[in-house]
Amino acid sequence: MSDDTSKTPAENLAERLTHPRHPRSSRYDARWTIDNQMGPHALWLLEWLAPALGLDSLRPGARVLDLGCGRAMTSVFLAKEYDVQVVAADLWVKPDDNAVRVAEAGVADKVLPVFAEAHDLPFGEGSFDAIVSIDAYQYFGTNDLYLPTLTRLLKPGGRIGVVVPALREEPVGTEPPQHLTPWWEPDFWCFHTADWWRRHWTRSGAVEVEAADWLPDGWKDWLLWCEVVAEESPEEFHRHMARQVGEMVRADEGRALGFVRAVGRRL
């Protein structure tokens, strides 16, 4: 952390979270991103996904489903940066709460928060130009039958893009990487490699896979974010979780853990 006493705490925090790879995300208030986070830095991950998904090529007013939007940070980002209409769907965060955040961000006319479970989405076929999911898709999208059901919501030729926590290599057998055993949770078995996601999506027959790749040095971004959240989050639960995950990511040093993005075009 910067020890420049001429700067305010807010300025030091903003400097710490200014990322050269993510200039758009860096324009957002650092305190806002910390207060509304629910895991890895969602705006950094979305900005990494954006060029592969072709978000800049979407027409103004295009409809985007933000699936598993959490506290709607990504939905606000999509609306502000790409001038699209966003359906902010989440199971755990109440639409009323997200509606307040969306209004405060000045995009109430572009973002519609809804309560939705990923297997029971109340939308018609061809409703969306694009589907986005950041740090959520791994919890429901590993099912072999899921992607064809989801992509029916896309217009023909529309794209789906996700970013998920991932592994460099698929574990052999039933044990996690040995150095991760102290932190491993059963939920982590939903982490897979880029090749796994490419194969999983290709064999579904629902999309043409346009990207499935690894974020270089993604673990470093993950660790930095964990350290900041552990120090700065107003919620003890999130501070505790960030400390635990940070310990795991620090011990791993990119040997096994990171992030994968996958992009597919509806056939």
Side-chain angles (χ1 to χ4, degrees), residues 13-60 62-90 98 101-102 105-107 110-111 128-138 158-166 194 197 210-229 232 242 249 254 257-265:
L13 187 60
E15 183 177 282
R16 193 176 181 190
L17 292 177
T18 297
H19 199 302
R21 272 201 308 234
H22 308 305
R24 286 180 166 181
S25 301
S26 298
R27 295 198 296 263
Y28 285 74
D29 179 69
R31 172 55 56 189
W32 181 76
T33 63
I34 293 166
D35 290 352
N36 291 300
Q37 64 80 37
M38 295 181 68
H41 198 309
L43 300 191
W44 288 351
L45 297 179
L46 177 54
E47 191 166 354
W48 176 52
L49 174 66
L53 187 57
L55 289 179
D56 277 317
S57 67
L58 290 176
R59 59 177 172 77
R63 298 193 74 219
V64 178
L65 173 62
D66 186 3
L67 184 57
C69 69
R71 289 173 171 166
M73 282 200 302
T74 47
S75 302
V76 169
F77 187 90
L78 287 163
K80 282 180 172 285
E81 301 298 322
Y82 303 104
D83 193 21
V84 294
Q85 293 288 324
V86 185
V87 174
D90 201 81
N98 275 340
R101 271 181 287 274
V102 165
V107 289
K110 295 182 178 180
V111 179
F128 298 101
D129 297 282
I131 297 173
V132 170
S133 185
I134 304 297
D135 187 31
Y137 192 83
Q138 69 274 17
R159 290 188 176 101
I160 176 174
V162 308
V163 179
V164 292
W197 282 106
E210 296 184 331
D213 56 354
W214 180 264
L215 176 60
D217 289 331
W219 74 273
K220 294 181 180 178
D221 296 347
W222 200 352
L223 178 58
L224 169 61
W225 181 242
C226 284
E227 291 172 344
V228 170
V229 172
E232 300 286 345
V249 174
L257 294 167
F259 298 99
V260 160
R261 67 181 171 187
V263 174
R265 182 189 292 271

Practice task
Just do the side-chain contact (heavy atoms from CB on, under 4.5 Å) check on Arg16 and Leu224 with the steps written out, would you?
Solution key: CA-CA 9 Å; Arg16 193 176 181 190; Leu224 169 61; 4.0 Å; yes

Problem - Set of side chain to side chain contact (heavy atoms under 4.5 Å, CB included) partners for Ala136, sequence neighbours left out - result: Ser133, Phe140

Fill in the blank from the handout: Correct closest heavy-atom pair for Tyr137 and Val164 would be CB-CG1, 4.1 Å

Completion exercise
The side chain to side chain contact (heavy atoms under 4.5 Å, CB included) partners of Trp32 (sequence neighbours excluded) come to Tyr28, Asp29, Asn36, Leu43, Met73, Val76

Exercise for the section: For Ala89 and Leu65, work out which heavy atoms get closest and say how close. Expected result: CB-CD1, 4.0 Å

Exercise for the section: Hey, could you give me each pair passing salt bridge (Lys or Arg N to Asp or Glu O under 4.0 Å) that has a residue in residues 128-138? Not counting sequence neighbours. Expected result: Arg59-Asp129, Asp129-Lys155

Practice task
Return the set of residues passing salt bridge (charged side-chain N to carboxylate O under 4.0 Å, His left out) with Lys80 (not counting sequence neighbours), or none when no residue passes.
Solution key: none

Fill in the blank from the handout: Across all chains, not counting sequence neighbours, the salt bridge (charged side-chain N to carboxylate O under 4.0 Å, His left out) partners of Arg101 are none

Handout entry: Between CZ on residue Arg21 and CG on residue Leu215, distance to nearest 0.5 Å
Key = 5.0 Å

Exercise for the section: Decide yes or no for Asp213 and Arg261: does some side-chain heavy atom of the first lie under 4.5 Å from some side-chain heavy atom of the second? Expected result: yes

Problem - Heavy-atom check, side chain of Trp219 versus side chain of Leu257, under 4.5 Å - result: no

Problem - Non-neighbouring partners of Arg63 that pass side-chain hydrogen bond (donor to acceptor under 3.5 Å, both in side chains), sequence neighbours left out - result: none

Problem - Shortest non-hydrogen contact between Pro23 and Pro20, atoms and distance - result: CD-O, 3.9 Å

Exercise for the section: Report the C-alpha distance between Asp221 and His41 in whole Å, list the side-chain angles of each, state the deciding distance to 0.1 Å, and finish with yes or no for side-chain contact (heavy atoms from CB on, under 4.5 Å). Expected result: CA-CA 8 Å; Asp221 296 347; His41 198 309; over 6 Å; no

Exercise for the section: With sequence neighbours left out, write down each residue that passes side-chain hydrogen bond (donor to acceptor under 3.5 Å, both in side chains) with Arg31, or none if nothing qualifies. Expected result: Asp35, Glu232

Handout entry: Gap between atom CD1 of Ile34 and atom CG of Leu13 - 0.5 Å precision
Key = 4.0 Å

Exercise for the section: Let me see the working for Val263 and Leu49 under side-chain contact (heavy atoms from CB on, under 4.5 Å), right down to the final yes or no. Expected result: CA-CA 8 Å; Val263 174; Leu49 174 66; 3.7 Å; yes

Completion exercise
Between Val111 and Ser75, the two heavy atoms sitting closest are CG2-O, 3.7 Å

Exercise for the section: Evaluate the side-chain proximity of Val228 to Leu17: yes if any heavy-atom separation is below 4.5 Å, no if none is. Expected result: yes

Handout entry: Gly39 backbone acceptor or donor facing Trp225 side chain under 3.5 Å
Key = yes

Problem - Pairs touching residues 66-79 that satisfy salt bridge (Lys or Arg N to Asp or Glu O under 4.0 Å), sequence neighbours left out - result: Arg71-Glu235

Practice task
Please name all residues satisfying side-chain hydrogen bond (donor to acceptor under 3.5 Å, both in side chains) with Asp217, sequence neighbours left out, ordered by chain then number.
Solution key: none

Handout entry: Between CG on residue Leu55 and CG on residue Leu78, distance to nearest 0.5 Å
Key = 6.0 Å

Practice task
Could you grab the distance from atom CG of Leu53 to atom CG of Leu58, nearest 0.5 Å is fine?
Solution key: 7.0 Å

Practice task
Kindly write out the residues that satisfy side-chain hydrogen bond (donor to acceptor under 3.5 Å, both in side chains) with His22, not counting sequence neighbours, or none if the list is empty.
Solution key: none

Problem - Taking every non-hydrogen atom, the tightest pair across Asn98 and Gly70 - result: ND2-O, 3.0 Å

Problem - side chain to side chain contact (heavy atoms under 4.5 Å, CB included) against Arg24, all qualifying residues, sequence neighbours excluded - result: Arg27, Glu47, Asp56, Phe77, Glu81, Tyr82

Handout entry: Shortest non-hydrogen contact between Phe259 and Trp48, atoms and distance
Key = O-CH2, 4.0 Å

Completion exercise
NZ (Lys110) and CD (Gln85) are apart, to the nearest 0.5 Å, by 7.5 Å

